[in-house]
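Input: a single structure, listed below in structure tokens.
We count residues from 1, following the sequence as given. Predicted model, so just to flag it, every value in this text is computed and none were measured.
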Amino acid sequence: MSARLPAFPLRWTRLLLLSLLVLGAAPGPRRGAAFYLPGLAPVNFCEEGKKSDECKSDIELFVNRLDSVESVLPYEYTAFDFCQASEGKRPSENLGQVLFGERIEPSPYKFTFNKEEKCKLVCTKTYHTEKAEDKQKLDFLKKSMLLNYQHHWIVDNMPVTWCYDVEDGQRFCNPGFPIGCYITDKGRAKDACVISSEFHERDTFYIFNHVDIKIHYHVVETGSMGARLVAAKLEPKSFKHTHIDKPDCSAAPPMDISNKASGEVKIAYTYSISFQEDKNIRWASRWDYILESMPHTHIQWFSIMNSLVIVLFLSGMVAMIMLRTLHKDIARYNQMDSTAYREEHRKKNPEVSINFSEFFKKLFERWKTMSEKEKSKFDEMAKADEVRYDQETEDCGSAEGGKKKDPNAPKRPPSGFFLFFSEFCSQIKSTNPDISIGDVAKKLGELWSNLSDSEKQPYNNKAAELEEKCEEDVADREAEGQLDGTEGPTKVAWTKEDAQEEFGWKLVHGDIFRPPRKGMLLSVFLGSGTQILIMTFVTLFFACLGFLSPANRGALMTCAVVLWVLLGTPAGYVAARFYKSFGGEKWKTNVLLTSFLCPGIVFADFFIMNLILWGEGSSAAIPFGTLVAILALWFCISVPLTFIGAYFGFKKNAIEHPVRTNQIPRQIPEQSFYTKPLPGIIMGGILPFGCIFIQLFFILNSIWSHQMYYMFGFLFLVFIILVITCSEATILLCYFHLCAEDYHWQWRSFLTSGFTAVYFLVYAIHYFFSKLQITGTASTILYFGYTMIMVLIFFLFTGTIGFFACFWFVTKIYSVVKVD
């Protein structure tokens, strides 16, 4: 196996050249659903006497690994004691095939085009149960039949299928057929033993040692001569040949092997082959009969469309709520500051109407583009106005008819933090006489943040009592008509101002871009998530176009791995850019963690799973040379590209935020149950998971139940829906938390959409116990080990979507609202 590993660099070169070829000269669409890349050209076959360089007569049959729905452990064909090929070149697998455990071998089954054979002997295997080696081989064969291991044969890059009738008169074509079956000691037929009433002996195995193969071909009408194979079907049978030299495949009893058999056991393997011309199937659409017979295909169409309608409806509702609510908020905040200017504008231009929200937005954008010299003129005017305002307010109290401020008017109650500030301010000033009031406030703010809820409780209780007393005083003065010495208009103005200052998301504008805790880890997750997001998008895009069809074995995984390796630059750039905006300075640690943390966790899990596969002798075990090649791709290509991206990320200026961050953190008020972080995070993952769980069922089926997955168009559509749903759900919950004056949005936005991965894990556990028949400790460990890799990748993928959506939303709303 390791002898062919040096060919991997050549395969990578071919893959890159193939990618360039695809981009430059992709073929046009053909009739039928299949779509073939250059290099997967059809092969012409003709009869033995008419063969030429362009027309072959010999048909090669290759055998792939054997797998089972009851075990995660696949095995090579050579691990079983079947008939082996005496000679033949083993085709080289690409990286995707090796990672998926595919091992393609030449077989002893040799055919000539249009030459039929009847009950031809391939080989005979003899087992003496008293010999330990023979008994071990026979026991392994029995165990594989008990676990329903299946052959996978290939002819002309097409799977040899076993077609049989299922429920509702439908016909299912399975790209594999079982080794045999078992009748339990209670007489119950397991798996394929139900196909024949001759399988009835208790505690007995029946091996399918004969296959009837039928190859369908389509004669080429124009161009080159010959025919093209469009289907290969077989029917497994069991015959106990009494005369092995002259096998009989018509009336022989089934080949049974008692579970308690002793002595000599002989198994003769035979086959019959026939050819049939099919004028209705073209070469380009020869996969259709397999894909159309897949179970649940029609259910999948209906379910996906149903989910699409529901998700689009919910997305529209979320978008409508956000647009209406935000529009009202921004209009309310901007309205009070622009009332005077609006009146002046109406006096000068009574016939002209203007949208002041758009007007001030343009003014704000103009202000950001002005130079310091241009701004200085307006700053001087503002200072002059401030001096004039102070003089006028001093004269206003003594002027005749002027109204003085009522000294007995109720004062706004202090918060718990200000009571804490008042108590300890004098102590800090006494120990540090030269300290400024700003530094005192900063130090007390840090002390307040470190207090527990029980330590804060006395101050908050005192603040609540003062607030209640203030409300009583206000109510008393309202009843006497003495609020600020005026009647209703002043009261209304005071209430509007109070509402503007004390409620809403504008209140936290000075803390909204405060760096989060564990900013290093968050930036690393964002870098790795960006890498996975772009890799997924490009892979699904090419798969949707048909470039990664089932005909191109292993291409999907190969494409994903190559893209992941080449996308180290965006990962390093994003991680460095956000880490710098979070105020981080340990750039070396950041780039090293981006390069090694998440990939290292995945590789460690993968390596442990590989050790288990090695110990079980499975074909899915990655050869040591391939592991070295993967490490070389990681360390020699991905890591340097990550460093390059990080270099450019740190070289650029930090991300400019639309509002400044206050020096002292704002106190976050007591949150209700629904606005606390954990309930919001749990609720945030429900909607994104709801739009993918149907596709998730078919994806898990393709991985663990060995069914073909080919509906990449719908998968790409679900991917887009997932991105939209994660974004909108995160934005909606982020807005609710900001309205509750909780400005810690960075980690919460990442975890809100990332929590979809937890639902993914729960569904995978449910799928294991309800849908799969996996037995054995090793298979169970492998299932959950590989599932954890998928959950981690999905967590980074969805979390990154949520963070970027929330970052865009927060930047947008705080850039359009006017903040003093």
Sub-6.0 Å ring centroid separation between Phe797 and Phe719: yes
Stepwise ring-ring contact (aromatic ring centres under 6.0 Å, His included) check, Tyr647 with Phe643: CA-CA 6 Å; Tyr647 169 78; Phe643 272 80; over 10 Å; no
Within 6.0 Å of CZ in Phe635, more than 12 heavy atoms from elsewhere: yes
Partners passing side chain to side chain donor-acceptor pair (under 3.5 Å) against Ser672 (at least two apart in sequence or in another chain): Thr675
Listed once per pair and sorted, the salt bridge (charged side-chain N to carboxylate O under 4.0 Å, His left out) pairs that draw on residues 743-764, sequence neighbours left out: Asp742-Arg748
Validation row: Ile703, Met790 side chains within 4.5 angstrom (heavy atoms): yes
Exercise: identify the closest heavy-atom pair between Glu741 and Arg666: OE1-NH2, 3.5 Å
Side chain to side chain contact (heavy atoms under 4.5 Å, CB included) partners of Cys598, counting only residues at least two apart: Phe525, Ser528, Leu796
By side chain to side chain donor-acceptor pair (under 3.5 Å) - contacts of Asp511 (at least two apart): Arg514
Between Ser71 and Ser779: side-chain donor-acceptor atoms closer than 3.5 Å: yes
Residues that Gln773 engages under side chain to side chain donor-acceptor pair (under 3.5 Å), provided they are two or more places apart: none
Enclosure of Glu670 CD (heavy-atom neighbours >12, cutoff 6.0 Å): no
With sequence neighbours excluded, residues passing side chain to side chain contact (heavy atoms under 4.5 Å, CB included) with Phe768: Leu772, Ile774, Thr780, Tyr783, Phe784
Leu641 backbone acceptor or donor facing Thr569 side chain under 3.5 Å: yes
